[in-house]
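Comments concern the structure below.
Because the structure is predicted, anything quoted here is derived from the model rather than measured.
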Amino acid sequence: MSDRLSVFKTYKLYVGGKFPRSESGRVYEVTDSKNNWLANAPLSSRKDARDAVVAARKAFGGWSGATAYNRGQILYRVAEMLEGRREQFTREVADAQGLSKSKAAAVVDATVDRWVWYAGWTDKIAQVTGGANPVAGPYFNLSSPEPTGVVAVVAPQESSFLGLVSVVAPVIATGNTAVVIASEKAPLPALSLGEVLATSDVPGGVVNVLSGRTAELAAPLAAHQDVNAIDLAGADEALAKELEIAAADNLKRVLRPQPVDYFETPGIERMTAFLETKTVWHPTGSLGAGGSSY
């Protein structure tokens, strides 16, 4: 009996809930830490980036309008699906980052836990960042957080899975939609994450995953007039400066790259970075000697 031939996986982009090949038809070779070929990944074009923004904008209304509790349920479902594909991601992370199987498994476990952590924050962040403000007058003054909109995310280059989830999950947990540029040299875990998102009740367009040359994709996203914010986690200093200048054209929120230990429990900074604060004044009625009336 002859040996069975391996069935190689065709990796595709994840845009608008679908799995297109790059509009350009281009691919590039992805190799492991020993320079062994792993797969051909789509080499996304500027057109792919623009298409991803259109998909993210289309999805924003429904996602931001969903209840925080519902978003939490959906994020938890992502964690459940990741847990079910633990062996696949362990293999992909090991190949991508040159880790032993045990260390790669620890990364995957931490990644699943990170999804659960942010799933728990979806209906709590408003209580932490909003509230009633004391004012001198017969008014209620209430502040509440709202999502910024479409966020472009330059995923970390070295932490292809845990770092990726650590920057994507807080963006969507608070009601934003995301266009994600995967790690240039290790995009496969990110592209496989798209398959998990597609089967986890996450509406199409909420997260869009592109692979390719980071600088080539980040430039049009930073300058795009319908992108509201950009996370530069995976950009080097020179590229970050260029992108920050381009982002200033329509006053995007910018989160500059910073040293992060992704194994550490995160704070809420990545959630609040892409939230706006809406403050509402409402009259309480007349204030008499006996106190306020309604």
Side-chain angles (χ1 to χ4, degrees), residues 12-24 42 44-68 70-71 74-75 78 118 122 125 144-155 164-165 167-182 190-191 193-198 200-212 214 216-235 243-244 246-255 270-278:
K12 297 182 181 180
L13 307 177
Y14 181 56
V15 177
K18 300 178 181 179
F19 296 94
R21 290 179 169 85
S22 172
E23 167 273 338
S24 66
S44 304
S45 67
R46 290 171 177 256
K47 176 66 164 53
D48 294 318
R50 292 195 297 269
D51 290 345
V53 174
V54 171
R57 177 58 63 191
K58 184 177 180 180
F60 177 69
W63 184 243
S64 61
T67 65
N70 181 235
R71 287 200 299 269
I74 291 173
L75 262 66
V78 175
Y118 279 112
T122 57
I125 190 67
S144 60
E146 290 189 339
T148 295
V150 175
V151 180
V153 179
V154 183
L164 168 79
V165 166
V167 297
V168 173
V171 169
I172 65 171
T174 50
N176 298 290
T177 55
V179 177
V180 184
I181 305 173
L191 296 175
L193 177 63
E195 298 170 4
V196 171
L197 296 173
S200 302
D201 303 326
V202 179
V206 170
V207 179
N208 305 275
V209 183
L210 306 174
S211 61
T214 300
E216 182 180 345
L217 295 171
L221 290 176
H224 201 296
Q225 297 297 299
D226 203 27
V227 173
N228 304 105
I230 186 167
D231 185 342
L232 303 178
L243 298 177
E244 192 169 17
D249 193 45
N250 74 329
L251 304 179
K252 289 179 179 65
R253 281 177 171 258
V254 176
L255 185 60
R270 286 195 176 274
M271 287 185 285
T272 57
F274 304 117
L275 286 174
E276 309 289 347
T277 299
K278 178 180 72 175

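To the nearest 0.5 Å, the span separating NZ on K12 from NZ on K18 amounts to 12.5 Å. Atoms CG and CG, on N208 and L197 in that order, are 10.0 Å from each other to the nearest 0.5 Å. The CE atom of M271 sits 11.5 Å away from the CG atom of N176 when rounded to the nearest 0.5 Å.
Between the side chain of D201 and the backbone N or O of I74 there is no donor-acceptor pair closer than 3.5 Å. With hydrogens and angles disregarded, no donor-acceptor distance shorter than 3.5 Å links the side chain of T122 to the backbone of Y118. Side-chain atoms of N250 come within 3.5 Å of backbone N or O of Q225 as a donor-acceptor pair. For the pair S44 (side chain) and S211 (backbone), a donor-acceptor distance under 3.5 Å is present. Listed for the R21 side chain is no donor-acceptor partner under 3.5 Å among the backbone atoms of P42. Of the possible polar contacts, none joining the S200 side chain to the V202 backbone as a donor-acceptor pair under 3.5 Å is found. The backbone N or O of A152 lies less than 3.5 Å from no partner atom in the side chain of D231, so there is not a single donor-acceptor pair.
Atom CZ of R253 has more than 12 neighbouring heavy atoms from other residues, nucleotides or ligands inside a 6.0 Å radius.
Not counting sequence neighbours, the partners of A190 by the side-chain contact (heavy atoms from CB on, under 4.5 Å) test are L164, A182, V209.
Ion pairing between a basic and an acidic side chain is recognised when a charged N comes within 4.0 Å of a carboxylate O; E146 and K278 show such pairing.
Side-chain contact annotation: N228 with T148, donor-acceptor N/O pair under 3.5 Å absent.
Contact check for L255 versus F274: side-chain heavy atoms found under the 4.5 Å cut-off.
Evaluation of the salt bridge (charged side-chain N to carboxylate O under 4.0 Å, His left out) test over residues 55-64, restricted to residues two or more places apart or in two chains, returns R57-D226.
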